Number of protein chains: 2
Amino acid sequence: MIDSSVAVSCSNCSVRRLCLPAGLSQADIDRLEQVTRRKKIVKAGETLYRSGDPFANLYAIRSGSFKTVVIAADGDTQVTHFALPGELLGLDAYSSRVHPSYAKALEDSSVCLLPFTQLEILAHQVAALQQQIYSIFSEELRQENDILMLLGKRSADTRLAALLINISSRYSRRGYSHSEFVLSMPRTDIANYLGLTAETVSRLFSRFQRENLIKVSGRAVEIVDLVGLSELAGTHCGYDED
Amino acid sequence: MIDSSVAVSCSNCSVRRLCLPAGLSQADIDRLEQVTRRKKIVKAGETLYRSGDPFANLYAIRSGSFKTVVIAADGDTQVTHFALPGELLGLDAYSSRVHPSYAKALEDSSVCLLPFTQLEILAHQVAALQQQIYSIFSEELRQENDILMLLGKRSADTRLAALLINISSRYSRRGYSHSEFVLSMPRTDIANYLGLTAETVSRLFSRFQRENLIKVSGRAVEIVDLVGLSELAGTHCGYDED
DNA sequence: CGCTTCGTTGAACTGGGTCAACGCGTGTGG
DNA sequence: CCACACGCGTTGACCCAGTTCAACGAAGCG
């Protein structure tokens, strides 16, 4: 499973500016690389970790994308995140020492393993890294607030609009087009994430297209009227659009 | 606003076992107390911090309760937490250095101020405290997952049942009865939190009483049939029932 | 090819929202 | 000390957004 031939250093990793704190010296980066050397390839549909797995690593996504899913006692599931390159998985496992959710690759993906105990030790020595960890935790909490807001009281069209804008801004953040992208997840996952049904999501895609907000062809999306879509979404949940 | 006469040491604080990591030495506790000496009284309806306030402190609730609320760009609000004694407020403000939500006291309350920069320094010196901070962050994320699950696909009765069980277990954790308690928040806040309307919540309280799951009288709740209520809630979201 | 998964669309149904009335407690001012 | 108002909770009647059920086309894959 673990392919060390994939090993690429942090300093030339395509997502480095998202993973690394700004103020790290070259020496610090070198030390971080010692900790993060192991990479892993995960094929589409494979799980990165399962619910109940012992917590050992955080995972930084280098390429591809994942969904994280929690399973209720009655077997019902809830998609809690769509994770894109440069984002971190596994933070919610620290306190219980067990992953409360599972992460499944939506497409062929590669991740960087961050053994948390080693990271902890390094963070203890490098203040900037420590702060970066706090910052990631905190940012994660803030984003959850946005999702709560979305699921709490919003109509179906608002939810989908907000998701599209969110994903758009996250793609643009990593340097890709913010107006054209290919969703890596099926409609059912989008529906589950938004607390809707796949049918409703499908109808909304059609309606958005009819209203000239977007163009859709399967999973390929082009945002035609960003302003209109943002208005629908209510501007909040725009996250950080650099 | 800040009343230092309220100052009580951590070592005899009634919620200490919730705030403090297990493995702290007396010397470490003494040092922590240096950092956490300032207390604040917040009357019912007053805000502890507002959305947009600069991030300076975390707040540990000593007594009373709070709701945290995020405000969307369009002015719509979402209650994201009900915080009870022993719980921590303000973690989501670290990354942006600004509170993304506001916290309002649901009843007369008192909190303990934790200046984060000082806490950070201390945590750097005391590993157990560092781990406790990670743990609290992580636990917070895990709990958000549960709430997401709730708002995602659950019916109204399931949501309310899950909230009641959640609150019950949190009260029992701090040593109070898990079967009888007084909700400190109005119906409208419960409804907002659960993504429902006050009318629906009210009807559900009535229905639960009719079905002999609970007894309600205004905000006073007695859980009559915990098993039945748990089944309705789907067992998930039971959190930690010690 | 046939089979399965995915997306779309239509038609009918329903859970929860909306609107409106009312009751109860509390606080306030005459 | 009472009258009145205001906030909060409850209940009823109606309605609609989104679900459910079902059919069907398209795309990926053995």
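This is a predicted model, so every value here is computed, not measured. Both backbone and side-chain heavy atoms feed into the values below; hydrogens, waters and symmetry mates do not. So you know, we letter chains A, B, ... as the sequences are listed, proteins then strands, and number each from 1.
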Handout entry: Sugar-phosphate only, base, or nothing, as touched by A:Gly45 at under 4.0 Å among non-hydrogen atoms
Key = nothing
Practice task
Please tell me which of the listed nucleotides, C:dG16, D:dT10, D:dG18, lies nearest to the side chain of B:Ala156?
Solution key: C:dG16
Exercise for the section: Please report, rounded to the nearest Å, how far the C1' atom of D:dC8 is from the CZ atom of B:Arg187. Expected result: 9 Å
Fill in the blank from the handout: In whole angstroms, the gap separating P of D:dT10 from CZ of B:Arg207 amounts to 15 Å
Exercise for the section: Considering just the side-chain nitrogens and oxygens of A:Ser206, establish if one lies under 4.0 Å of OP1 or OP2 belonging to C:dT9. Expected result: yes
Practice task
Quickly work out the A:Ile190 CD1 to C:dG7 C1' distance and round it to whole Å.
Solution key: 11 Å
Exercise for the section: Using the six-membered ring of A:Phe205, assess whether NZ or CZ of A:Arg207 lies under 6.0 Å from its centre and within 45 degrees of the ring axis. Expected result: no
Handout entry: Phosphate OP1/OP2 of C:dG15: any B:Ser155 side-chain N/O under 4.0 Å
Key = no
Practice task
Classify the nucleic acid contact of B:Arg219 as base, sugar-phosphate or nothing, counting any heavy atom under 4.0 Å across all strands shown.
Solution key: sugar-phosphate
Exercise for the section: Verify the distance criterion only: is there a donor paired with an acceptor across the side chains of B:Ser65 and B:Ser184 at less than 3.5 Å? Expected result: yes
Problem - Phosphate-side-chain proximity, A:Thr200 and D:dG18, N/O vs OP1/OP2 below 4.0 Å - result: no
Exercise for the section: Would you kindly give the CG-to-P distance between A:Leu196 and D:dT20, to the nearest whole Å? Expected result: 11 Å
Exercise for the section: Establish, yes or no, whether a centroid distance under 6.0 Å links the rings of B:Tyr193 and B:Phe82. Expected result: yes
Handout entry: A:Arg154 CZ to D:dA17 P, straight-line distance once rounded to whole Å
Key = 17 Å
Exercise for the section: For residues A:Tyr49 and A:Tyr59, establish whether the separation of their ring centroids is below 6.0 Å. Expected result: yes
Practice task
Look at A:Thr197 and D:dT19 and indicate whether a side-chain polar atom (N or O) is within less than 4.0 Å of OP1 or OP2.
Solution key: yes
Handout entry: Atom pair distance, as rounded to whole Å: CG in A:Asp189 and C1' in C:dC6
Key = 11 Å
Completion exercise
B:Glu199 atom CD is separated from C:dA20 atom P, nearest whole Å, by 12 Å
Problem - Spacing of B:Leu204 atom CG relative to D:dT10 atom P, expressed in whole Å - result: 11 Å
Practice task
Go through the side-chain N and O atoms of A:Asn212 and A:Asp225 and say whether any donor and acceptor fall under 3.5 Å apart.
Solution key: no
Practice task
Spell out yes or no: do the side chain of A:Arg203 and the base of D:dT20 have one donor N/O and one acceptor N/O closer than 3.5 Å?
Solution key: yes
